[in-house]
Amino acid sequence: MDNGVFNVILEYLNIVFLVFSGMLFTLYLLMAYFATRNSIHYKNKNSFGNITKTLGSPLAPGITIIAPAYNEGLTIVENVRSLLSLQYVNYEVMVVNDGSKDDTLQKLIDAYHLEKIDREIDPDIKSKPIRGIYKSTQRSFAKLTVVDKANGGKSDALNAGIFLSENKYVGCIDVDCLIVPEALLHVVKSFYQHSEKRVIAVGGVIRVANSCKISGGTLEEIRLPKNWLARFQLLEYTRSFLLGRMAWGRLDSLLIISGAFGFFDREIALAVGGYDTNTVGEDMEIIFRMRRYMHDRKEPYHVAYIPDPLCWTEVPESLKIFINQRDRWSRGNLETLSTHKDMFFNPRYGRLGFLSYPYWFFYEWLAPLLEFIGCLAVILFLYLGILNWDFFIAITITIYSFSIMFSFYAILWEVYSYNQYSRTKDILTMMLAAILEPLFFHPLVVWSSVRGNYKKLFKIRSGWGSQVRKGFAKA
């Protein structure tokens with residue numbers, strides 16, 4: 001094949017990447033616009049009224065917080081104490097001990113004076129066998145229920161909690177997350193803010209708690225993570241939650257609610273069969289099914305999103321654990337998109353079929369693969385001596401500059417809206433992270449995505465992996 005053919009191929013590839021990049025820039029600009037509009041609207045709408053008095057009433061709807069626990073013996077007592085101190089009257093904390101091999105269950109029994117109770121359990125419940133249900137003998141811990149079951153994974157444990165709950169709403173969280181005391185007030189308010197539509201799910205922003213001061217399950221001081229990998233993730237979370245999901249919430253097209261902080265209308269969650277235990281992307285997949293369920297019945301509905309900093313979690317500081325996490329996320333994306341592929345440009349699903357699904361397909365799943373192929377193409381063309389240096393340098397500088405500007409906007413909008421990191425040094429550090437991220441962090445994300453897709457496509461068995469947490473800093 002002569003150089004003329006290579007040059008034609010190269011020109012076509014240049015056009016493909018140029019068009020793809022241009023569309024990506026346009027989408028991100030629109031995302032920033034809609035997110036800004038929605039943030040301003042949310043702040044104005046919630047700037048008056050006292051939700052504590054209204055939703056602190058015993059007449060407020062019941063909600064069950066379901067927290068799966070597997071080998072959490074080191075921190076389970078303090079984590080549950082934090083959940084029991086939320087500012088809401090009518091709620092239950094249901095800890096599902098998912099076959100822990102350590103002393104998780106025994107520590108709960110000792111700390112909260114638990115006794116096994118007799119309760120009839122539906123034999124058709126969609127989870128691994130339940131070995132016992134425990135309640136406290138002390139009135140001060142009356143809100144706590146502990147379910148002990150055989151190990152089946154996080155999705156299985158959440159399903160057990162959903163089926164055993166008797167409240168109108170259920171919240172599915174990670175037991176090691178820190179939820180601020182007023183979180184349930186905001187959640188339940190979101191379920192009742194749309195009179196014409198049924199709110200079937202409510203998601204919230206996830207904040208990074210690495211290096212923060214925590215005492216007795218209470219966030220005492222917000223600090224910027226000391227670890228650079230955690231700082232990059234903080235920047236990524238700020239963009240994703242404050243701009244990305246806020247924009248999709250504005251368009252009523254949100255397709256994912258974080259597994260660390262998600263709340264559901266229990267009736268609809270049961271109607272779709274709960275979580276899918278055959279995927280590692282269960283938090284995304286259940287939203288797909290709940291939306292499809294409402295669409296198929298032509299019932300007006302809404303998936304709400306709360307931008308207030310209500311949930312704080314620890315992100316990986318180990319490179320190996322981080323790559324395994326993103327590997328799992330990419331496999332979950334592919335599994336969900338494959339399961340619901342009939343939604344792709346399907347007019348039956350409106351903006352979900354023509355906007356949300358295509359965006360997730362092209363820019364959340366396909367984009368990292370194209371980036372990886374592009375890098376290989378650059379290496380190949382460089383080796384063959386046919387690389388168009390002018391085009392390569394121009395598009396690289398353009399993409400890099402746009403990436404930094406978008407991150408800067410996310411940082412400045414966070415300062416304007418919630419100002420969690422108020423010190424000038426912290427803001428400048430985050431801006432430095434934005435400059436370094438495309439060079440050091442983003443390639444890791446791309447590689448993790450490629451690895452996850454490779455495992456899924458070639459059926460290489462790989463499960464959840466483990467998240468070894470260092471623990472919150474004590475005050």
Side-chain angles (χ1 to χ4, degrees), residues 62-86 88 90-119 121 125-167 169-181 183-184 187 214 216-217 259-264 266 269 274-275 282-283 311-314 464 467 469 471-472:
I63 187 166
T64 299
I65 300 176
I66 305 168
Y70 178 72
N71 293 347
E72 302 281 354
L74 291 175
T75 58
I76 190 66
V77 173
E78 184 176 344
N79 291 337
V80 171
R81 185 178 296 118
S82 174
L83 293 175
L84 291 172
S85 62
L86 300 179
Y88 195 72
N90 193 11
Y91 82 100
E92 171 190 25
V93 175
M94 183 179 290
V95 178
V96 183
N97 179 49
D98 190 39
S100 296
K101 296 178 182 178
D102 65 356
D103 57 352
T104 296
L105 179 61
Q106 191 57 49
K107 283 198 171 181
L108 286 170
I109 292 173
D110 295 341
Y112 297 105
H113 308 280
L114 303 178
E115 285 187 354
K116 197 180 219 181
I117 63 171
D118 291 326
R119 176 176 169 180
I121 300 173
I125 187 171
K126 294 182 179 179
S127 75
K128 295 291 184 180
I130 294 172
R131 299 185 291 219
I133 299 177
Y134 297 79
K135 295 289 290 185
S136 178
T137 58
Q138 297 189 1
R139 290 186 60 188
S140 55
F141 304 131
K143 293 183 184 295
L144 176 63
T145 301
V146 174
V147 178
D148 182 36
K149 62 179 287 293
N151 179 259
K154 181 181 178 182
S155 300
D156 191 76
L158 290 171
N159 284 340
I162 292 172
F163 280 96
L164 291 172
S165 170
E166 297 178 349
N167 284 317
Y169 301 112
V170 291
C172 301
I173 69 165
D174 290 343
V175 72
D176 46 16
C177 284
L178 175 67
I179 298 178
V180 301
L184 293 186
V187 168
I214 311 291
F261 188 80
F263 293 78
F264 305 95
R266 179 174 174 268
Y275 284 92
E282 74 289 334
D283 49 355
C311 178
W312 295 75
T313 190
E314 186 180 357
W464 254 73
Q467 160 70 313
R469 301 182 187 272
F472 299 135

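These numbers come from a predicted model, not from an experiment. Any value given below was found using the heavy atoms of this structure, including those in side chains, with hydrogens, waters and symmetry copies removed.
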If we ignore hydrogens and angles and just use 3.5 Å, is the side chain of [X] paired with the main-chain N or O of [Y] as donor and acceptor?
X    : Y    : result
Y91  : L86  : yes
N151 : G99  : no
S136 : Q138 : yes

Closest heavy-atom contact between [X] and [Y]?
X    : Y    : answer
G153 : D98  : N-OD2, 2.9 Å
S82  : L178 : OG-CD1, 3.6 Å
D156 : G152 : CB-O, 3.3 Å
R266 : N167 : CD-O, 3.2 Å
A260 : C311 : O-SG, 4.0 Å
Y112 : R81  : OH-N, 3.1 Å

> Under a 4.0 Å N-O cut-off, is there an ion pair linking K154 with D174?
Replying inline: yes
>> Using the rule given for side chain to side chain contact (heavy atoms under 4.5 Å, CB included), can you reason through V95 versus T104, listing the C-alpha separation, both sets of side-chain angles and the distance that settles it, and then say yes or no?
In response: CA-CA 11 Å; V95 178; T104 296; 5.9 Å; no
> Do the rings of Y275 and F264 sit parallel, tilted or perpendicular, given the 30° and 60° boundaries?
Replying inline: perpendicular
Please round to the nearest 0.5 Å and tell me the distance separating atom [atom1] of [X] and atom [atom2] of [Y].
X    : Y    : atom1 : atom2 : result
K135 : I117 : NZ    : CD1   : 6.5 Å
C172 : E282 : SG    : CD    : 9.5 Å
K116 : R131 : NZ    : CZ    : 9.0 Å
L144 : I65  : CG    : CD1   : 11.0 Å
T145 : I133 : OG1   : CD1   : 8.0 Å
L84  : K143 : CG    : NZ    : 9.0 Å

I'd like to check [X] versus [Y] (side-chain heavy atoms, cut-off strictly below 4.5 Å). Are they in contact?
X    : Y    : answer
V187 : Y88  : no
Y134 : L108 : no
L164 : I130 : yes
L158 : V96  : no
D176 : E314 : no
L184 : F263 : yes
E72  : T75  : yes
W312 : V180 : yes

>> Using a 6.0 Å cut-off, check whether atom NZ of K128 has over 12 heavy atoms from anything other than its own residue.
In response: no
Side-chain H-bond candidate by donor/acceptor type, [X] with [Y], under 3.5 Å:
X    : Y    : answer
E92  : S165 : no
D148 : N97  : yes
N159 : S127 : no

